[in-house]
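Read the structure below first, then the notes.
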Amino acid sequence: MTDVASLWSYLATTPLIWLTTTIVAYLIADGLARRLGNPPWANPVLMSVLLIAPVLLMTQTDYTAYFEGAQFIHFLLGPATVALALPLWDNRETIRTSVAPILLALVAGSFVAAGSAILLARAFGLQMEVLLSLAPKSTTAPVALGISEAIGGIPALTAVLVILTGIIGAVTVTPMMNMLRITDWRARGFAVGVAAHGIGTARAFQVNPVAGAYAGIAMALNALLTSLIVPLLVRWLV
């Protein structure tokens, strides 16, 4: 007990307290999701947010202070994104025989995801910085933050929008695909990978390994394409 108290006293005086809090919150959320049978609404990221947010409010901790402690997790998003090359390699034969459908789905999904965000932001009269922060919302966080900073957005706001997009996609994808009677796991996975990046991809792996593999493929390709098209869409549509 003394060792635990000493560890807590040390962590409480350093930014590591928020890294520890984030990891513990996710472990609790993931364990709860598993006990519930991993239903779509019990998303570990969503539950982690619901656990951490009250702590930040009660301690009056702003996002900058929180991020300073938890940024190691953000750093790991980079290697995790690079690791998405593995599904591409493992499924190279299938991809080789489906290049045209994959490219068409990728182009359509990427343009709709970014273009619809820009047009809706304009329609609602949002400020330019908010619009620019919203445009890369459907790609993985490291890429989205880089795009946002390059085009004049607010990276911190982009991070929030990316997480919200991923959570919404992960929660709604399975019920929506079932309602639309889409049974091809490749199509289901690719759709969620394009629309909901890493959080959606994690959900796809929980549902079916083939869906997860194609979600990873879509996420990687969408990150590349979005980084190319968002600056062009912003120039054309804004």
Side-chain angles (χ1 to χ4, degrees), residues 1-63 65-84 86-87 90 140-142 144 159-178 185 188-189 191-193 195-216 218-219:
M1 189 68 180
T2 303
D3 292 339
V4 174
S6 299
L7 177 62
W8 176 258
S9 298
Y10 169 73
L11 290 175
T13 60
T14 70
L16 287 175
I17 184 64
W18 298 120
L19 175 61
T20 306
T21 301
T22 303
I23 294 173
V24 170
Y26 186 83
L27 290 175
I28 293 172
D30 186 57
L32 180 59
R34 290 175 185 272
R35 290 181 65 87
L36 293 172
N38 289 317
W41 54 267
N43 183 269
V45 177
L46 173 60
M47 290 192 290
S48 298
V49 171
L50 295 177
L51 288 172
I52 295 172
V55 177
L56 296 178
L57 288 173
M58 287 187 295
T59 58
Q60 297 184 340
T61 303
D62 59 24
Y63 175 78
Y66 168 76
F67 185 76
E68 182 181 355
Q71 62 181 326
F72 180 68
I73 295 176
H74 178 263
F75 165 77
L76 292 177
L77 290 173
T81 302
V82 174
L84 290 173
L86 291 176
D90 291 339
T140 185
V160 174
L161 295 170
V162 167
I163 292 172
L164 286 176
T165 300
I167 290 174
I168 293 170
V171 169
T172 61
V173 61
T174 298
M176 183 180 297
M177 293 294 179
N178 291 340
W185 291 114
R188 291 172 69 124
V192 72
H197 51 82
I199 300 176
T201 297
R203 173 60 187 170
F205 271 111
Q206 288 181 336
V207 175
N208 182 274
V210 175
Y214 272 79
M219 176 182 164

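The list of salt bridge (Lys or Arg N to Asp or Glu O under 4.0 Å) pairs with a residue in residues 161-176, not counting sequence neighbours, is empty. Among pairs with a residue in residues 44-58, none fulfils salt bridge (Lys or Arg N to Asp or Glu O under 4.0 Å), at least two apart in sequence or across chains. Listed by first then second residue, pairs satisfying salt bridge (Lys or Arg N to Asp or Glu O under 4.0 Å) with a partner in residues 51-63 number zero, not counting sequence neighbours.
Note that the OG atom of Ser48 and the CD1 atom of Ile23 stand 11.0 Å from one another [nearest 0.5 Å]. Between the CG atom of Asn43 and the CZ atom of Arg203 there is a distance of 8.0 Å, given to the nearest 0.5 Å. To the nearest 0.5 Å, atom CE of residue Met219 and atom OG1 of residue Thr201 are 5.5 Å apart. The distance from atom CG of Leu32 to atom CD1 of Ile28, rounded to the nearest 0.5 Å, is 9.5 Å. Here the CG-CG distance, from Leu27 to Leu51, works out to 11.0 Å after rounding to the nearest 0.5 Å. For the atom pair CD1 (Ile52) and CE (Met47), the distance works out to 12.0 Å, reported to the nearest 0.5 Å.
The two residues Ala65 and Thr61 have their closest heavy-atom pair at CB-CG2, 3.8 Å. The nearest pair of heavy atoms linking Ile17 to Thr21 is O-OG1, 2.6 Å. Here the closest heavy-atom approach between residue Ile163 and residue Ile199 is recorded as O-CD1, 3.8 Å. Taking all atoms of both residues into account, the shortest heavy-atom contact from Ala215 to Val192 is CB-CG1, 3.9 Å. A pairwise comparison of heavy atoms in Gly169 and Ala196 identifies CA-CB, 3.8 Å as the closest pair.
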Can you give me every donor-acceptor pair (side chain of residues 34-41, partner residue at least two apart or in another chain, under 3.5 Å) with its distance?
residue : atom : partner : partner atom : Å
Arg34   : NE   : Asp30   : OD2          : 2.9

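Every residue two or more places apart in sequence or in another chain that forms a side-chain hydrogen bond (donor to acceptor under 3.5 Å, both in side chains) with Thr22 is listed here: Tyr66. Remark: Ala191 pairs with Met177 by the side-chain contact (heavy atoms from CB on, under 4.5 Å) rule, at least two apart or across chains.
The closest donor-acceptor contact from the side chain of His197 to the backbone of Val162 lies under 3.5 Å.
Using a 4.5 Å cut-off on side-chain heavy atoms (C-beta onward), Thr59 and Trp18 make contact.
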